[in-house]
Structures are given as C-alpha cells and as structure tokens.
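Contents: one structure, followed by commentary.
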There are 2 protein chains.
Amino acid sequence: MNEQEFLSSYDKRAFDAPLVTVDAVLFTYHEGQLKVLLVKRSAHPEMGKWALPGGFVSETEDRSLEDTVVRKLREKTGVIPPYVEQLYTFGGRDRDKRGWSVTVCYTALIAHQVCESHIESVADARWIPFDRVGKLELAFDHEEIIRFAHERLVQKALYSIVPAYALPEKFTLPELQHVHEVIIGKPLQKKSFRRRIEQAELLVDTGEKRSETGRPATLYRMRDDSGSHTFVRNLEL
Amino acid sequence: MNEQEFLSSYDKRAFDAPLVTVDAVLFTYHEGQLKVLLVKRSAHPEMGKWALPGGFVSETEDRSLEDTVVRKLREKTGVIPPYVEQLYTFGGRDRDKRGWSVTVCYTALIAHQVCESHIESVADARWIPFDRVGKLELAFDHEEIIRFAHERLVQKALYSIVPAYALPEKFTLPELQHVHEVIIGKPLQKKSFRRRIEQAELLVDTGEKRSETGRPATLYRMRDDSGSHTFVRNLEL
DNA sequence: GGTCAAAGTGTCAAATAGCCACTAATCGTA
DNA sequence: TACGATTAGTGGCTATTTGACACTTTGACC
C-alpha cells in the first residue's frame with residue numbers, strides 16, 4: 001500500500017464537526033439551602049443570561065474530559081471540588097444557534113466556605129438557590145441540565161452519603177441529614193438516616209463535638225481512602 | 001453595537017475541535033450466552049480490528065445524538081433496538097491517533113432473532129460472546145467501554161427487568177431468569193426473582209404457554225405503555 | 001396410571017426499614 | 001445548684017422485604 005492508498009483508507013472526520021463543550025452543575029449547601037453555581041455569559045450567543053460554568057475543551061491543556069471540567073471549575077472556584085461525576089451528554093442540532101453542539105455535563109459538589117472568597121472575586125459567578133433556578137432565564141438548555149442533575153442528586157441523597165461533599169471537612173450528622181432533606185425536599189427519619197450512615201462506614205468520628213444550643217453533636221469527617229478527590233463513574237451507592 | 005463589535009463578542013469555537021463519534025454496545029442473548037455486536041474496521045486507524053458499531057454524527061441527517069446512535073444501529077441490524085440508553089462519554093487526547101476525540105456511548109438491547117438475517121447480510125458485523133471479548137484485540141478503548149457497559153448491565157439485572165429487551169417479544173420467566181443469571185454470573189433464587197418481576201408490574205401474561213420438557217411455562221410480554229421504543233435517561237429501576 | 005422434569009407456590013426465618021418514645025448532654029436562668 | 005428548654009443520640013417495637021428451600025402442579029412420555 002502506498003501513501004496515497006493509505007490516506008484514502010483513513011477514516012476521516014466529518015468536515016464540519018459539532019462543537020464540544022464541557023459544563024458542570026456545581027452544588028453546595030449554604031444558609032440551609034441547596035445552591036448552584038451560575039455564571040453570567042459575557043459573549044454571544046445568549047450574552048447576559050445565566051449559564052453553567054464550562055467551556056470548550058482545550059486540546060493543548062487537557063488530556064481528558066475530566067481535565068477540562070476540573071480546569072473550568074478551578075477557574076471559578078479557585079479549588080478542585082472533592083466530588084466530580086459525569087452526569088449526561090446533551091447534543092443536538094438546535095440547542096445552540098451556532099449549529100450542532102455537544103456538551104458533556106458533570107455534577108460536582110463542594111463546601112461553600114472553601115471557595116467563598118474566590119467566587120466573590122470572580123465578578124460573573126454567583127451561587128443561586130436551587131429553588132430560584134426556575135425563575136431565571138438560563139442560557140441554552142442549561143435549566144434542563146440542572147433539573148436532570150438534581151434528579152440524580154435526589155437519588156444519591158436517598159441511597160448514599162455523597163451529599164456530604166457539599167459540606168466542610170468536619171460536620172455533624174444532623175447537619176448532613178438536613179442537607180439530604182433539602183435535596184430530597186422532605187423530612188427523613190433520624191434513626192433510619194443514622195443507621196444508613198453507620199452501615200456505609202464512610203464517616204469517621206473526629207472525637208470533637210460542636211455545640212450551638214442543646215446537646216453538642218459529634219463531628220465527623222469523610223473516611224479518605226485514596227487522595228482527597230473523588231471521580232466517580234458509576235451510580236451504585 | 002455594530003456588526004464588527006457583535007462578531008468579536010461572539011463566543012467562538014476552538015479552531016481544531018475534537019472529533020465526535022457515537023458508539024453503541026448492543027447486547028443480545030443467544031444460545032444461552034450474552035453476546036455483543038462488533039464490527040470489523042475497514043479503515044484506518046485500527047483497520048482490521050474489531051470495534052463497536054458507531055460513527056460520526058451527521059450534521060444533516062441527525063437532529064440529536066439519539067438519532068445518530070439509532071441510525072448507526074439500524075445500518076447494522078436493520079431495525080431500531082427496543083432499548084437504548086446513554087452509557088458514558090469517553091474523551092481524551094490519546095484514545096485515537098488522529099487527536100483529541102470524544103465518543104458518546106450507548107448501551108442497547110435487542111432480541112437476537114429480529115436482526116439475525118440482516119446481520120448475516122452485513123459482511124463486517126458479528127455477534128461475539130461477551131466471555132470472548134477479553135481474547136480479542138479491540139480498536140481504541142472499546143474493550144474498556146464494553147466492560148463498563150457490562151457493569152451497568154449487571155446493576156440492571158439485579159434491580160430491574162431491563163434485560164428482558166434482549167429476548168423476543170414473548171418469553172417465559174425461567175428464560176428471563178436465565179438471562180439475568182448469565183449477565184450477573186451467578187444463580188438467582190427462583191422465588192425472589194419472580195417476586196421482583198411481579199412487583200414491577202411491567203410484564204403481562206399473554207395467556208399462552210410454551211412447553212419443552214416438564215411443566216409448560218407461561219409466556220409473558222413487556223407491557224407497552226408508550227410506543228415500542230424505550231429511551232432511558234436515568235438509572236433508577 | 002406412574003414417573004420424570006421443569007414450572008410455579010407456601011411458608012418460615014432473617015435482615016431491613018419505619019416509627020416514636022425515651023435518655024443524654026449542654027446552656028441559661030432562677 | 002436545680003430545673004427547664006433544646007437538641008443529640010438510642011432502645012426497641014412493628015411492618016415490610018428478602019432469602020431459602022421444600023412442596024405442589026402440570027404436561028409429556030412410556
């Protein structure tokens with residue numbers, strides 16, 4: 001086979017390939033509410049609307065999609081969120097005026113305090129209470145993406161303790177239970193909740209207590225097998 | 001704002017955008033085995049290796065990623081599989097020699113018989129027993145993708161009756177149980193299995209029976225709310 | 001009619017989950 | 001220092017779900 005034949009046997013890309021972006025639905029828990037990080041778009045299309053943090057893959061900076069989402073999240077928050085999981089990939093001809101586009105979406109969780117100051121310094125980024133998302137006009141199909149991320153998060157709150165990543169390093173069980181309740185949208189049974197936590201064996205007692213009013217609560221921390229960053233691929237508890 | 005300003009405020013795509021492909025892991029059940037549809041690559045790169053059915057998005061033919069995966073599957077099987085669900089999106093700099101690439105992957109299930117003749121007519125497509133996937137040298141990261149799809153399918157077999165889509169329209173519960181057992185790789189308790197099926201209320205008794213040896217078994221069919229094609233987005237049972 | 005083989009059921013024990021009342025620890029105040 | 005208010009955490013009962021396995025049913029074939 002000569003070079004000419006070799007090249008013509010090559011599987012070529014479509015001429016006008018779709019746009020590829022990566023977007024993240026970053027949740028946190030603050031002031032008793034579930035909040036989502038949104039960014040005000042400074043460019044067309046959809047300039048001025050609120051959108052998910054994200055952007056184009058950088059062929060030079062990124063080796064993988066995870067690199068891209070982490071890079072984008074660090075730009076806005078100053079840190080790498082401890083929990084990042086791929087959510088779903090939305091793609092189609094009509095979701096972006098510029099033409100066929102694909103966005104690989106991630107769900108991420110972070111403690112509010114660890115990125116509070118950095119976010120304040122980024123003029124266009126804001127924590128928006130999840131309840132208020134429906135009242136904003138979001139760019140593209142980002143509202144649908146947020147709803148989808150929330151549905152998944154509800155499943156996590158029911159069957160896992162993943163929502164703990166939305167809290168600071170040390171937290172109490174009543175705090176964690178409240179995060180779950182806010183996510184699910186209804187109260188949970190204290191005893192059942194604690195049983196689940198125990199059986200999962202993912203939290204460790206720090207020995208410390210925190211008291212506000214009433215009996216002081218035990219402070220727990222996530223058991224860190226592995227490093228401090230969790231990339232999750234599947235949905236089992 | 002004049003047109004010049006407008007255009008420069010536009011959020012432009014990266015010059016050399018990643019390749020975007022869609023791939024499908026299509027499972028079926030035949031001769032007591034779980035099988036995966038593979039296609040022999042006829043073009044470089046990876047020419048001659050076995051690969052997942054899939055290909056580039058067509059900006060003219062496809063309105064969505066689902067259109068793309070369905071189009072590709074119909075090319076190979078002659079029909080639209082009754083169950084198609086997005087699996088995961090793999091992307092990175094090094095998974096394809098041609099450069100940065102992204103593949104949006106789907107899991108699909110189909111009855112063997114409905115596409116048997118068409119697949120035989122497509123020279124390059126073959127059903128490969130899942131057990132033998134490890135012994136083949138697959139193109140790109142397709143082996144990893146198949147393993148990932150299988151892990152998810154195991155979860156489905158444990159908590160849902162999705163594997164029924166790998167059987168013909170009418171099937172018996174012992175048959176379905178065997179499909180589940182083959183997927184999971186270990187035997188299931190007959191009573192527990194039947195209880196789960198009943199509670200799901202997704203199967204209907206056709207009134208017919210099928211007998212081979214021993215007591216004849218009741219034939220069931222999936223309850224078809226909606227049309228005949230299932231696109232699933234989330235992972236709840 | 002008896003026997004074989006596989007389908008399908010009855011039933012009991014074990015594990016799990018929901019519920020709610022009770023006890024425990026701390027603070028403020030009389 | 002005792003007592004009430006308040007929130008953390010536990011005991012223990014009941015209801016539901018799951019696993020296990022023996023038993024019954026049905027039809028085929030001799």
Side-chain angles (χ1 to χ4, degrees), chain A residues 29 31-32 154-164 167-168 170-222 236-237, chain B residues 29 31-32 154-161 163-164 167-168 170-221 236-237:
Chain A
Y29 174 79
E31 294 169 333
V154 168
Q155 298 306 313
K156 304 271 183 213
L158 288 169
Y159 302 119
S160 80
I161 57 165
V162 163
L167 289 174
K170 295 174 184 176
F171 54 86
T172 70
L173 291 196
E175 273 170 359
L176 181 56
Q177 182 175 340
H178 193 246
V179 176
H180 282 241
E181 289 172 337
V182 167
I183 292 170
I184 297 168
K186 58 185 177 191
L188 291 170
Q189 208 65 32
K190 191 166 45 164
K191 191 67 193 287
S192 307
F193 183 76
R194 299 177 87 96
R195 257 198 299 244
R196 248 184 39 218
I197 303 297
E198 256 180 49
Q199 289 180 353
E201 292 188 322
L202 294 170
L203 299 188
V204 290
D205 186 335
T206 62
E208 299 166 72
K209 305 270 177 191
R210 170 186 304 161
S211 73
E212 317 243 319
T213 160
R215 174 172 171 178
T218 304
L219 280 167
Y220 291 85
R221 146 161 37 80
M222 300 228 58
E236 57 215 344
L237 15 164
Chain B
Y29 174 79
E31 294 170 332
V154 168
Q155 299 304 314
K156 305 271 184 213
L158 288 169
Y159 303 117
S160 81
I161 58 166
L167 288 174
K170 296 174 185 176
F171 53 86
T172 68
L173 290 196
E175 272 170 1
L176 181 55
Q177 182 175 340
H178 193 247
V179 177
H180 281 239
E181 289 172 337
V182 166
I183 291 170
I184 297 168
K186 58 185 179 192
L188 291 170
Q189 208 66 32
K190 191 167 43 166
K191 193 66 193 289
S192 307
F193 183 75
R194 299 176 88 95
R195 255 197 302 240
R196 247 184 38 217
I197 303 297
E198 255 179 50
Q199 289 181 351
E201 292 188 323
L202 294 169
L203 299 187
V204 290
D205 188 334
T206 62
E208 300 166 73
K209 305 269 178 189
R210 171 186 302 161
S211 73
E212 316 244 319
T213 160
R215 175 173 171 177
T218 304
L219 280 166
Y220 291 84
R221 147 160 38 81
E236 60 215 343
L237 10 168

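Heavy-atom basis, side chains included; hydrogens, waters and symmetry copies ignored. Just so it is clear, the structure is predicted and the values come from calculations on it, not from any experiment.
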Task: Nearest-angstrom distance from the residue atom CD of B:Glu198 to C1' of C:dA7 - done: 14 Å
TODO: Specify the angle, to 10°, made by the local axes at the two ends of the helix from C:dG1-D:dC30 to C:dA30-D:dT1 when five pairs are taken at each end.
DONE: 20°
TODO: Go through the structure and list residues passing side-chain hydrogen bond (donor to acceptor under 3.5 Å, both in side chains) with A:Arg215, not counting sequence neighbours.
DONE: none
- [ ] Select base, sugar-phosphate, or nothing to describe what A:Thr172 touches, counting heavy atoms under 4.0 Å on all strands.
- [x] nothing
- [ ] Provide, to the nearest angstrom, the distance between the CZ atom belonging to B:Arg194 and the P atom belonging to C:dA6.
- [x] 15 Å
Task: Atom-to-atom span, CZ of B:Phe171 to P of C:dA7 - whole angstrom - done: 15 Å
- [ ] Check every nucleotide of DNA chain D for an atom under 4.0 Å from a heavy-atom of chain B, then give the first and the last such nucleotide from 5' to 3'.
- [x] D:dT18 to D:dG27
Open item on the list: Side chains of B:Lys170 and B:Thr206 only: does a donor on one sit below 3.5 Å from an acceptor on the other?
Closed with: no
TODO: Using a 4.0 Å cut-off on protein heavy atoms (strictly under), produce a 5'-to-3' string for nucleotides 16-28 of chain C with B for base contact, S for backbone-only sugar-phosphate contact, and - for none.
DONE: -BBBB---BBB--
Task: B:Leu219 vs B:Lys209, side chain to side chain contact (heavy atoms under 4.5 Å, CB included): CA-CA, chis, key distance, verdict - done: CA-CA 5 Å; B:Leu219 280 166; B:Lys209 305 269 178 189; over 6 Å; no
Open item on the list: Could you report the tightest heavy-atom contact between A:Leu176 and A:Leu167, atom names first, then the distance?
Closed with: CA-CD1, 3.8 Å
Open item on the list: So B:Arg221 and B:Leu203, do their side chains get closer than 4.5 Å, heavy atoms only?
Closed with: no
Task: Considering all heavy atoms, the nearest B:His180-B:Ser160 contact - done: CE1-O, 3.1 Å
- [ ] Return the minimal non-hydrogen interatomic distance between A:Pro163 and A:Ala157, and the atom names on each side.
- [x] CG-CA, 3.9 Å
Open item on the list: Run the side-chain hydrogen bond (donor to acceptor under 3.5 Å, both in side chains) test against B:Tyr220 and tell me which residues pass, sequence neighbours left out.
Closed with: none
Open item on the list: Which heavy atom of B:Leu202 sits nearest to which heavy atom of B:Ile161, and what is that distance?
Closed with: CB-CD1, 3.5 Å
Task: Test side-chain hydrogen bond (donor to acceptor under 3.5 Å, both in side chains) applied to A:Glu181 - qualifying residues, sequence neighbours left out - done: A:Gln177
